[in-house]
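Let me begin by presenting the structure, written as structure tokens, before commenting on it.
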Amino acid sequence: MSSPRVVVLASGGGSNLQALIDAVEEERINGMIAAVVSDRPDSGAMSRANAARIPAIGLPPEPGEARADYDRRLAAVLSAQHPDLVVLAGWMRILTEDVVAQFRVINLHPALPGELPGTGAIERAWEEFLAGTRSRSGVMVHEVPDGAVDAGPVLAHEEVAFAADDDLEAFAGRVHAVEHRLLTGVVADICDALQLTDSQEVIDA
Ligand code: GAR
């Protein structure tokens with residue numbers, strides 16, 4: 001196989017996208033980022049894609065647009081990129097079956113499996129720590145087999161502990177550092193596996 005094609009979906013600042021861009025440039029990921037799609041055309045993720053000369057596709061929802069209609073448009077955009085892997089790196093929309101049934105999709109979430117689904121997971125973990133009901137949080141990368149929120153077979157996870165002298169910024173910084181390492185590692189492994197599968201198919205043919 002030529003380089004596996006990775007399409008990144010991102011809504012936010014794009015620090016995880018940047019970690020992927022850097023890992024591809026440094027050949028820690030044997031794949032290419034074919035495109036970046038964002039529902040927020042003015043997002044940091046779009047700027048980072050543009051700076052790296054990666055096709056950056058802004059796909060804002062139309063006013064009142066139903067999720068299914070948006071996802072049909074998204075699926076068409078993705079299909080045109082022929083992705084081997086779709087990575088949700090701070091993608092803040094729930095995907096419907098239209099998308100997840102057609103592509104291999106993985107998601108990054110700043111919490112441990114089964115904990116704190118949805119937005120603001122870092123801030124909610126912090127509030128629970130302050131309230132004395134939480135002693136650690138973490139990061140996970142998981143498959144997205146259906147429309148569930150931040151759930152699906154886990155590919156990697158890692159705990160992030162709170163420290164006695166923590167503040168939210170320091171804790172969030174440690175979470176993001178773990179995210180960047182975990183996500184690039186999983187994407188690297190998947191790209192390697194895709195290339196191995198492909199060369200095995202050539203040998204078998
Ligand atoms: C990351 O913390 C990611 O785990 C989170 O959004 C942030 C995006 O940061 N995703 C979710 O909460 C998904 N439910 P980034 O734009 O700097 O990569």
Side-chain angles (χ1 to χ4, degrees), residues 6-25 29 33 35-52 54 56-61 67 71 74 85-96 99-100 105-129 134 136-162 166-188:
V6 178
V7 173
V8 179
L9 272 52
S11 307
S15 72
N16 284 284
L17 167 66
Q18 190 65 54
L20 291 169
I21 291 171
D22 294 346
V24 167
E25 274 174 8
I29 291 176
I33 302 177
V36 172
V37 181
S38 183
D39 56 329
R40 297 189 186 149
D42 58 351
S43 63
M46 291 288 278
S47 311
R48 291 178 192 269
N50 282 321
I54 293 167
I57 303 167
L59 197 67
R67 194 188 302 282
D71 274 9
L74 175 61
L85 178 67
V86 174
V87 178
L88 310 184
W91 176 254
M92 293 308 187
R93 294 179 59 92
I94 298 167
L95 295 179
T96 55
V99 176
V100 292
V105 184
I106 64 170
N107 180 46
L108 169 71
H109 185 59
L112 291 170
E115 298 185 1
L116 301 166
T119 58
I122 296 175
E123 291 76 11
R124 284 183 287 139
W126 178 252
E127 290 302 323
E128 291 181 12
F129 167 64
R134 174 174 290 278
R136 47 97 187 103
S137 192
V139 172
M140 72 167 160
V141 181
H142 63 92
E143 303 270 3
V144 183
D146 53 34
V149 178
D150 299 320
V154 176
L155 298 167
H157 71 283
E158 191 170 313
E159 284 193 13
V160 179
F162 295 102
D166 248 352
D167 57 19
L168 174 57
E169 196 183 342
F171 171 65
R174 292 202 306 284
V175 170
H176 291 310
V178 172
E179 286 187 323
H180 300 164
R181 178 163 44 75
L182 226 54
L183 184 63
T184 52
V186 168
V187 172

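Atoms within each ligand, like the ligands themselves, are counted from 1 in listed order.
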Does ligand 1 have any atom that is closer than 4.0 Å to a heavy atom of Gly14? yes

Distance to 0.1 Å, residue and atom name: give those for the protein heavy atom nearest to atom 8 (C) of ligand 1. Gly90 CA, 3.6 Å

To the nearest 0.1 Å, how far is atom 9 (O) of ligand 1 from its closest protein heavy atom, and which atom is that? Asn16 ND2, 3.8 Å

Atoms of ligand 1 less than 4.0 Å from His109 heavy atoms? 4 (O), 11 (C), 12 (O), 13 (C), 14 (N)

Does ligand 1 have an atom under 4.0 Å from some heavy atom of His176? yes

Proximal ligand 1 atoms for Gly12, defined as those under 4.0 Å from one of its heavy atoms: 16 (O)

With a cut-off of 4.0 Å, which atoms of ligand 1 are near a heavy atom of Gly13? 16 (O)

Note, Asn107 side chain near His109 side chain (heavy atom, < 4.5 Å): yes

Ligand 1 to Asp150, heavy atom cutoff 4.0 Å, flagged ligand atoms 13 (C), 14 (N)

Check this for me - ligand 1, Trp91, N or O atoms closer than 3.5 angstrom, yes or no? no

By number and element, which atoms of ligand 1 are closer than 4.0 Å to a non-hydrogen atom of Glu179? 1 (C), 2 (O), 3 (C), 4 (O)

Return the residue, atom name and 0.1 Å-rounded distance of the protein heavy atom closest to atom 17 (O) of ligand 1. Ser15 OG, 2.7 Å

Any N or O of Ile122 that comes nearer than 3.5 Å to an N or O of ligand 1? no

Which atom pair, heavy atoms only, marks the closest approach of Asp39 to Pro61? O-CD, 3.8 Å

What protein heavy atom is closest to atom 11 (C) of ligand 1, reported as residue, atom name and distance in Å? Met92 CE, 3.4 Å

Contact (N/O only, under 3.5 Å) between Thr119 and ligand 1: no

Do Thr119 and Met92 come close enough that some side-chain heavy atom pair is under 4.5 Å? yes

Has Ala10 got any heavy atom lying under 4.0 angstrom from an atom of ligand 1? no

For a quick test of reading the model, state the closest non-hydrogen atom pair linking Gly152 to Pro145 and the distance between them. CA-CD, 4.0 Å

Give a yes/no on ligand 1: does Gly118 have at least one heavy atom closer than 4.0 angstrom to it? yes

Parallel, tilted or perpendicular: which one describes the rings of His180 and His176, with boundaries at 30° and 60°? parallel

